There are 2 protein chains.
Amino acid sequence: MLTYDNNQPLYKQVIADIKKRIINGDFSHNPQFPSTRELAIAYGINPNTTARVYRELELQQLCYSKKGVGTFLVNNGQLVNQLKKTMADKLLDSFLSNMSDLGFTKNEIIKKIEKGGKT
Amino acid sequence: MLTYDNNQPLYKQVIADIKKRIINGDFSHNPQFPSTRELAIAYGINPNTTARVYRELELQQLCYSKKGVGTFLVNNGQLVNQLKKTMADKLLDSFLSNMSDLGFTKNEIIKKIEKGGKT
DNA sequence: ATTACTGTACTATATACCTAACACAGTAGT
DNA sequence: ACTACTGTGTTAGGTATATAGTACAGTAAT
């Protein structure tokens with residue numbers, strides 16, 4: 001489950017988590033998202049917040065909502081790869097920029113990754 | 001200068017920036033920080049916010065304030081290296097965790113860094 | 001003492017975020 | 001029609017963030 005980070009709005013953290021689930025293929029067989037109320041219970045947050053999550057995701061054209069029916073992942077074959085690339089690039093840019101500000105060179109960063117991470 | 005990120009409180013962004021400046025050696029010759037009012041002008045923010053920045057930095061024992069005099073970097077030789085390591089580790093952990101969630105392996109990440117970044 | 005800086009504290013105002021508690025409209029199965 | 005789900009909208013209250021404006025106390029140089 002999501003461990004919340006107080007430095008960022010809840011709804012944005014949930015959005016990021018949903019995107020990860022999309023990339024992970026959680027909705028490849030069934031494109032229907034949990035209802036706003038279900039999602040609220042699952043994440044332990046308020047239904048108003050999950051409604052906002054779906055509203056934002058719909059603005060980003062990642063899903064569409066039908067009143068009385070549900071919210072569904074858009075049918076777009078390229079979407080998952082695009083999303084994965086976009087999110088990774090954003091993470092990478094931010095990470096490299098911050099590490100550069102701390103005085104690390106690219107080689108030092110790579111060494112640190114080889115040593116440190118478990119993945 | 002700092003380009004602000006709406007996803008995080010201003011005062012935390014300024015704190016991170018000051019820490020980078022400490023690591024960068026900006027205060028190695030003169031340990032006195034700009035006054036709260038000067039810093040506010042420099043960053044284009046409110047003096048109350050810069051006062052909060054120094055208050056938090058003092059809580060983290062990175063500086064101390066003398067009423068009527070100013071705010072000064074603590075005299076601690078190990079501090080810069082410790083700070084650099086702490087911040088880098090935090091960045092690295094967060095980055096690797098997020099990239100792992102997106103399905104990237106360590107080797108893929110390293111390749112991406114070798115290709116992408118400019119540093 | 002006066003002046004001009006410091007840090008610090010306070011009130012007020014505005015906004016974003018989050019929760020709570022509803023209400024209403026649309027859809028589908030019975 | 002009834003029931004039980006959907007999405008959606010509204011009002012209210014609480015907290016955190018940031019600004020604006022003002023005030024006061026401590027320090028140092030003149």
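Every value quoted in this text rests on a predicted model; they were computed, and no experiment measured them. Just so we're on the same page: letters track the sequence lines, and every chain starts at 1.
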Does A:N48 make a side-chain donor-acceptor contact with the base of C:dA21, cut-off 3.5 Å?
yes

Where the side chain of B:K67 is defined as all heavy atoms beyond and including C-beta, which of C:dT19, D:dG26, D:dT17 is the nearest nucleotide?
D:dG26

Is it the case that more than 12 heavy atoms not belonging to B:N30 sit under 6.0 Å from its CG atom?
yes

Looking only at atom types and distance, does a side-chain atom of A:N76 sit under 3.5 Å from a main-chain N or O of A:Q78, one as donor and one as acceptor?
yes

Within less than 4.0 Å of OP1 or OP2 of D:dT8, is there a side-chain N or O belonging to A:R55?
no

Let me see the working for B:F27 and B:F33 under ring-ring contact (aromatic ring centres under 6.0 Å, His included), right down to the final yes or no.
CA-CA 8 Å; B:F27 307 102; B:F33 289 163; 4.6 Å; yes

Round to the nearest Å and state the distance from A:L39 atom CG to D:dC5 atom P.
17 Å

Measure the distance from CZ on B:R37 to P on D:dT19 and round it to the nearest whole Å.
16 Å

Taking CD from B:E58 and C1' from C:dA9, how many angstroms apart are they, rounded to a whole number?
15 Å

How do B:F33 and A:K66 order along DNA chain C: which one's closest nucleotide is nearer the 5' end?
B:F33

Ignoring backbone atoms, establish whether A:R52 has a side-chain N or O less than 4.0 Å from OP1 or OP2 of C:dC17.
yes

Compare side-chain N and O positions of B:S65 against OP1 and OP2 of C:dG7 and report whether any pair is under 4.0 Å apart.
no

When A:K12 and B:V69 are each assigned the nearest nucleotide of DNA chain C, the 5'-most assignment goes to B:V69

Round to the nearest Å and state the distance from A:F72 atom CZ to D:dC5 atom C1'.
12 Å

Using a heavy-atom cut-off of under 4.0 Å over every strand shown, decide if A:E38 touches base, sugar-phosphate, or nothing.
sugar-phosphate

To the nearest angstrom, how far is B:I45 atom CD1 from D:dA20 atom P?
11 Å

What's the verdict on side chain to side chain donor-acceptor pair (under 3.5 Å) for A:K19 and A:Q60, showing C-alpha distance, side-chain angles and the deciding distance?
CA-CA 11 Å; A:K19 286 181 179 176; A:Q60 298 177 29; 2.8 Å; yes

Please tell me if A:Y54 has a side-chain N or O lying less than 4.0 Å from either OP1 or OP2 of D:dG7.
no

Would you tell me if any nitrogen or oxygen in the side chain of B:T49 comes within less than 4.0 Å of OP1 or OP2 on D:dT17?
no

Report, as yes or no, whether the 6.0 Å neighbourhood of atom NZ on B:K12 holds more than 12 heavy atoms from other residues, nucleotides or ligands.
yes

Under 4.0 Å between a side-chain N or O of A:S35 and OP1 or OP2 of D:dC5?
no

To the nearest angstrom, the CG-C1' distance between B:N7 and D:dT17 comes to 14 Å

Rounding to an integer number of Å, can you tell me how far B:Q8 CD sits from D:dT17 P?
11 Å

Separation of A:N46 atom CG from D:dG13 atom P, in whole Å?
16 Å

